[in-house]
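Worksheet: one structure, shown below.
None of these values were measured; they are calculated from a predicted model. Indexing begins at 1, ligand by ligand and atom by atom, following the structure's order.
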Amino acid sequence: MPVSVLDPERYRGDFAILSVSSPRGKPLVYLDNAATTQRPRAVIQAIVDTYEHHYANVHRGIHWLSDRTTDLYEQARDAVQRLIGAERREEVIFTRGTTESINLVARSWGEAFLRPGDEILLTEMEHHANIVPWHQAAARTGAKVRFIPITDEGVLDLSSLDQLLSARTKMVAVTAVSNVLGTVNPLESIITKAKSVGATVLVDAAQSVPHLPLDVSRLGADFVAFSGHKMLGPTGVGVLWGRAELLDSMPPFLGGGSMIRRVTLEGFEPAELPSKFEAGTPPIVPAIGLDAAIEYLDAIGLPAIHQHELALTRHAHERFAELGGVRLLGPAPEQKSGVVSFVVEGVHPHDVAQLLDGEGIAIRAGHHCAMPLHKRLGIVASSRASFYLYNTFADVDHLVDAVAQTQRRLRRK
Ligand code: PLP
C-alpha cells in the first residue's frame, strides 16, 4: 500500500455519513467531493448549538440573543480572514457561494469599470460560474470575453498570454484549480502579467481554498471567491474577498435591508463594508458552521490535506494506467490536486457512474459545468472522482476495481 502524510482513518469516524450503506447494501465510497464535501460532527453540532442556544437575527437586535448571534457571525468572518490572510476583516463578504461571489463582481465591478471594447480574459478550463456572469457583463457593457487556451495535456497554454493581454484587458478571471482536470494553475505568473497591463484579477478558488493554502496578502489578486460546502461547511454560505479600495469603489450588488446607512423617499446611502454587500438577512447559521469547518481543517492543516490528496491522485493514475482502456484527463499528478476525471473507452460516462453507483461508489458524470472545456477535449462528458481528507487508498482501489468490472461486463455484452 502507498503511504500518505495523513491517516484518513483518524478522521473518518467524525463523518457519520461515511458509515451509511447504499440502498443495495454496499458501503458508501464517497468520491464526489469536488461537487460537495461531507460535514464532520463538529460542524453539524455547531449548527445545532446555534439553533438551540444562540439564534436570532444579526446586527439589528437590541436584545442579548441577537448580540450573541452577531458575535458568532462576526467571529466566522474573523476565521475566514485568518484562513486566507486578509489584511482587513471588512474585506470578507459572506455570499451564498462562489457563484454568487463571482456574479457580485461581474455585476457590480462590471457596471463601474467595464466599457465598450474592453476585454475580459478567462480560460478554457473555467466552470460555468466563471464564464456565464462574464458573458452577461459583456452583453450589458459592450465588453468582449476572450480565453486563454489549454494544451492537450490540460494545462494553460501561457505562451499566448502576452498576445492576449493588452491595455484593453480590464479583468482576468481564472480558476486556481480546475474542477475537471484538477490542474493547479500558476496563479502568480498569470497575476504578475495581468497586473503589468493594469488588469483587475479575480481568482475562482472554489476548488483550491478547501485543499491548498492560499494567502491573499501575497497572491496579488483583487478578488477571491469560494464556497463553504466544498470545505466541510454548510451549503448556503460562500465568500468573496476583495480589496477594500475596490469594493469601496463599486456600487452595491443587491439592495435591501442591512446594506444601507440611510434610505429616503428619494434614494439611499449605502453602508460601509462589509454590510454594503450583505443585503437582507445573511447566511447566519451557515457562516457559523463554516467557522467550525475552518477550525476542523486548521487542526489537520491544508498542506497535509493537499499532500494526502496528491498521494490518492498518484495512486489512481497508476492503477488506471495498469488497467488500460481509460483516458485520464488533465496533467500528471504533480500538477494536480485531488481530482481524477476519466473516460472509459467505449463506455458512456453516465453508464460508468451508474454501474459504480451499483457498487456504492459515488462519482460524478457529465460536463461538470464545464462545457467549453469538454468541447476543447473533444468529448461531451467525463466521469470524475474527487478526493478529500477522509478518502483512503482503499477507496481508490474500489473505484478502479469497479471500473475494471464495468469494462469486463460491457466487453462480454
Ligand atoms: N467554480 C468552480 C471551480 C467550481 O468547481 C464550482 C462548483 O463546482 C463553482 C465555481 C460553483 O460553486 P457553487 O456551486 O458552490 O457556487
Side-chain angles (χ1 to χ4, degrees), residues 30-39 43 80 84 93-107 122-136 147-148 150 154-156 171-185 187 190 201-212 214 221 223-241 253-254 277 282-283 286-287 289-290 293 309 329-330 336-341 362-374 376 381-388:
Y30 188 75
L31 299 176
D32 198 13
N33 294 287
T36 196
T37 59
Q38 301 299 343
R39 283 118 202 81
V43 170
V80 173
I84 61 173
I93 313 285
F94 283 123
T95 63
R96 280 186 301 139
T98 309
T99 302
E100 186 179 302
S101 298
I102 297 174
N103 273 274
L104 188 166
V105 176
R107 171 71 74 149
L122 313 177
T123 83
E124 282 183 338
M125 64 169 79
E126 296 309 312
H127 186 283
H128 296 166
N130 201 25
I131 299 177
V132 179
W134 298 113
H135 280 317
Q136 292 174 307
F147 292 88
I148 303 172
I150 62 162
V155 297
L156 290 176
M171 167 61 73
V172 176
V174 54
T175 192
V177 174
S178 161
N179 67 311
V180 177
L181 305 166
T183 313
V184 179
N185 285 325
L187 289 182
I190 296 169
V201 178
L202 177 141
V203 174
D204 175 350
Q207 300 292 347
S208 89
V209 163
H211 307 277
L212 290 162
L214 183 142
F223 298 107
V224 172
F226 55 97
S227 302
H229 71 98
K230 292 183 195 286
M231 51 191 291
L232 310 181
T235 52
V237 66
V239 171
L240 173 69
W241 168 83
F253 173 45
L254 300 174
F277 289 108
L290 177 60
E309 290 170 3
L329 307 181
K336 286 176 70 151
S337 70
V339 177
V340 177
S341 292
I363 62 162
R364 173 106 181 241
H367 53 64
H368 319 302
C369 299
M371 285 171 107
L373 172 62
H374 279 78
R376 164 66 180 83
S382 59
S383 304
R384 179 183 73 188
S386 48
F387 311 127
Y388 213 13

Give the residue, atom name and distance (to 0.1 Å) of the protein heavy atom nearest [atom].
{"atom": "atom 11 (C) of ligand 1", "result": "Thr99 OG1, 3.5 Å"}
{"atom": "atom 10 (C) of ligand 1", "result": "Asp204 OD2, 3.4 Å"}
{"atom": "atom 5 (O) of ligand 1", "result": "Gln207 NE2, 2.7 Å"}
{"atom": "atom 4 (C) of ligand 1", "result": "His127 CD2, 3.3 Å"}
{"atom": "atom 7 (C) of ligand 1", "result": "Lys230 NZ, 2.7 Å"}

Atom indices of ligand 1, in the order listed, that fall short of 4.0 Å to a heavy atom of [X]:
{"X": "Ser227", "answer": "12 (O), 13 (P), 15 (O), 16 (O)"}
{"X": "Ala129", "answer": "10 (C)"}
{"X": "Asn179", "answer": "5 (O)"}

Using modelled atom types and a 3.5 Å cut-off, is there a donor and acceptor pairing between side-chain atoms of [X] and backbone atoms of [Y]?
{"X": "Gln207", "Y": "Gly182", "answer": "no"}
{"X": "Thr183", "Y": "Asn185", "answer": "no"}
{"X": "Arg107", "Y": "Leu254", "answer": "no"}

Is there side-chain contact between [X] and [Y], with at least one heavy-atom pair below 4.5 Å?
{"X": "His368", "Y": "Leu373", "value": "no"}
{"X": "Glu124", "Y": "Leu156", "value": "no"}
{"X": "Val105", "Y": "Met171", "value": "yes"}

Next item on the list: Specify side chain, backbone, both or neither for His229, according to which of its non-hydrogen atoms lie closer than 4.0 Å to ligand 1.
Entry: side chain
Checklist line | Passing candidate, ring-ring contact (aromatic ring centres under 6.0 Å, His included) with His367, options His127, His128, His374 | finding: His128
